[in-house]
**Student:** 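Structure provided below as structure tokens; questions to follow.
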Amino acid sequence: MGHRQKPILTADEAARLIPSGATVTVSSSAAQLVPDTVLAGIGARFQATGEPTDLTIVFPLAVGDSFGTVGLDHLAHPGLLKRLIGGSYVNGPTSKPSPRIYAMVHAEQVEAYNFPLGPLLHLHRDIAAGKPGVITKIGLGTFVDPRDQGGRMNERTPRELVEVVRLAGEEWLLYRAFPINVAIIRGTTADTHGNLTLEHEGTFMGVLPQAMAAHNSGGTVIAQVKRVVAGGTLNPQMVKVPGILVDAIVVDPDQQQNTG
């Protein structure tokens, strides 16, 4: 499961692992599974130094709560963000988990796509497998279809991530693969070798495929956890992300299961 000691970093040190122009995938399930300490570190570094810039953020599900106190709103700075590729931006008709991000989308300050959750999760697996993308009928004839809006949430966003293809005489949508440079994921416990368990998390969602996609793209995997234990002390059957995929650990002992 990986036997090299993994560095334990501060949020600022972790933020320095993210280069300008990177494509970053972030684990989340609305107010659960959010690596908030790391996201706050990225936002703070940008405000202090002006770096990193032009990030593409990928998130299969909304990142944060409706109060704007956690999650993606830490990154809501023009110049820091170039593009958003999300499976969910809202929890309901009046709830916006990232109100500042939402305002940036409406103000044409950032490119933004809204794709279905399932294809986005599968896309991480296909990126890890070196495939050209996800081929599915999900989204055909909807606003995700490139003959309609192509999942674009504003005029600034180009039509380039989804296309119609014909296979076996039928139409399908191809959600194109792209390299993932950084994965920021969350667990509950890490051992010193980087193996992760998620015993206090409400869901596992995409943490493993997100880590696999970044690792197999030659990228970096940053894991935020509540605690670190000695290597070899975790129950192997409980490990959800093996340490061979993890490059760095950030500890937040006050990490909560859910912001509610």
Side-chain angles (χ1 to χ4, degrees), residues 11-12 14-28 30-31 34-117 119-120 123 139 142-146 148-162 175-176 178-184 210 219 222 259:
D12 179 69
R16 293 176 186 275
L17 297 178
I18 301 171
S20 292
T23 296
V24 182
T25 186
V26 180
S27 72
S28 61
V34 178
D36 198 61
T37 299
V38 179
L39 296 178
I42 297 169
R45 183 184 177 225
F46 177 81
Q47 289 183 294
T49 70
E51 295 181 337
T53 61
D54 295 326
L55 298 184
T56 293
I57 306 296
V58 186
F59 49 102
L61 203 58
V63 185
D65 63 21
S66 59
F67 306 107
T69 55
V70 302
L72 216 57
D73 267 2
H74 289 303
L75 310 182
H77 304 288
L80 191 159
L81 295 178
K82 174 186 176 181
R83 173 177 290 184
L84 303 168
I85 305 172
S88 173
Y89 289 77
V90 299
N91 279 341
T94 60
S95 176
K96 299 180 178 66
S98 301
R100 296 186 201 128
I101 287 289
Y102 221 71
M104 287 183 68
V105 173
H106 279 285
E108 302 280 346
Q109 293 178 322
V110 61
E111 298 173 11
Y113 296 90
N114 187 192
F115 290 154
L117 164 64
L120 261 185
L123 184 60
T142 73
F143 78 98
V144 181
D145 193 310
D148 191 338
Q149 299 177 51
R152 299 160 61 245
M153 296 182 69
N154 58 25
E155 293 302 317
R156 174 176 178 151
T157 306
R159 299 175 181 268
E160 63 177 36
L161 292 187
V162 59
Y175 296 83
R176 297 182 187 141
F178 45 81
I180 299 289
N181 305 118
V182 181
I184 306 173
Q210 287 175 300
I222 302 166
T259 60

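All of these numbers come straight from a predicted model, not from anything done at the bench. Any value given below was found using the heavy atoms of this structure, including those in side chains, with hydrogens, waters and symmetry copies removed.
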**Student:** Run Y175 and V144 through side-chain contact (heavy atoms from CB on, under 4.5 Å) and show every step you take.
**Tutor:** CA-CA 10 Å; Y175 296 83; V144 181; 3.3 Å; yes
**Student:** Calculate, to the nearest 0.5 Å, the distance between atoms CD1 and CD belonging to I184 and Q210 respectively.
**Tutor:** 10.0 Å
**Student:** Keeping the roles fixed (side chain from N154, backbone from V110), state whether a donor-acceptor pair exists under 3.5 Å.
**Tutor:**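 Yes; judged by distance alone, with no hydrogens or angles, the pair exists.
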**Student:** A side-chain contact here means heavy atoms from C-beta on lying under 4.5 Å apart; do V24 and I180 qualify?
**Tutor:** no
**Student:** If only side-chain N and O atoms count, and only distance matters, is there a donor-acceptor pair under 3.5 Å linking E51 with S20?
**Tutor:**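 There is no such pair between these side chains.
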**Student:** Regarding D36 and H74, is there a side-chain donor-to-acceptor distance under 3.5 Å anywhere?
**Tutor:**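 Yes, a side-chain donor-acceptor pair sits under 3.5 Å.
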**Student:** Would you give the length of the straight line joining atom CZ of R100 to atom CG of L72, rounded to the nearest 0.5 angstrom?
**Tutor:**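 R100 atom CZ to L72 atom CG measures 11.5 Å (nearest 0.5 Å).
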**Student:** Contact between D73 and P99 at the side-chain level, heavy atoms closer than 4.5 Å - yes or no?
**Tutor:**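 Contact flag for D73/P99 side chains = yes.
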**Student:** Check for a donor-acceptor pair, side chain of T157 on one end and backbone N or O of A112 on the other, with a separation under 3.5 Å.
**Tutor:**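 At least one qualifying donor-acceptor pair exists.
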**Student:** Atom CE in M153, atom NE2 in H106: separation rounded to 0.5 Å?
**Tutor:** 6.5 Å
**Student:** Given side chains that start at C-beta, do those of V58 and V26 come closer than 4.5 Å, heavy atoms only?
**Tutor:** no
**Student:** If we ignore hydrogens and angles and just use 3.5 Å, is the side chain of R156 paired with the main-chain N or O of E108 as donor and acceptor?
**Tutor:** yes
**Student:** What are the two closest non-hydrogen atoms of A15 and R45, and how far apart are they?
**Tutor:** O-NH1, 3.5 Å
**Student:** For the side chain of R159 and the backbone of D148, is there at least one donor-acceptor N/O pair under 3.5 Å apart?
**Tutor:**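 Side chain of R159 to backbone of D148: a pair is present.
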**Student:** Measure across L120 and P60 and return the closest heavy-atom pair with its distance rounded to 0.1 Å.
**Tutor:** CD1-CA, 3.9 Å
**Student:** Are F115 and F59 close enough that their ring centres sit under 6.0 Å apart?
**Tutor:**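 Not close enough - the centres of the two rings lie 6.0 Å or further apart.
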**Student:** State, with a plain yes or no, whether a side-chain heavy atom of P179 is found less than 4.5 Å away from one of T23.
**Tutor:** no
**Student:** Decide yes or no on salt bridge (Lys or Arg N to Asp or Glu O under 4.0 Å) for E160 and R83, but give the supporting numbers first.
**Tutor:** CA-CA 12 Å; E160 63 177 36; R83 173 177 290 184; 2.8 Å; yes
**Student:** Run the side-chain contact (heavy atoms from CB on, under 4.5 Å) test on I222 and V182 for me, step by step, so that the C-alpha distance in whole Å, both residues' side-chain angles and the decisive distance to 0.1 Å come before the verdict.
**Tutor:** CA-CA 8 Å; I222 302 166; V182 181; 4.1 Å; yes
**Student:** Do I85 and F178 come close enough that some side-chain heavy atom pair is under 4.5 Å?
**Tutor:** yes
**Student:** Just checking, is any N or O donor in the side chain of D145 or T142 under 3.5 Å from an acceptor N or O on the other one?
**Tutor:** no
**Student:** Are side-chain heavy atoms of D12 and R16 found at a separation under 4.5 Å?
**Tutor:**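 Yes, side chains in contact.
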**Student:** With a 4.5 Å cut-off on side-chain heavy atoms, are F46 and T53 touching?
**Tutor:** yes
**Student:** Rounded to the nearest 0.5 Å, how far does OH of Y89 lie from CG of N114?
**Tutor:** 6.0 Å
**Student:** Grab the two heavy atoms, one from V34 and one from V63, that are nearest each other, plus how far apart they are.
**Tutor:**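 Nearest pair, atom of V34 first, then V63: CG1-CG1, 3.8 Å.
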**Student:** Taking the side chain as every heavy atom from C-beta outward, state whether L80 and L55 have any atom pair closer than 4.5 Å.
**Tutor:**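 Contact flag for L80/L55 side chains = yes.
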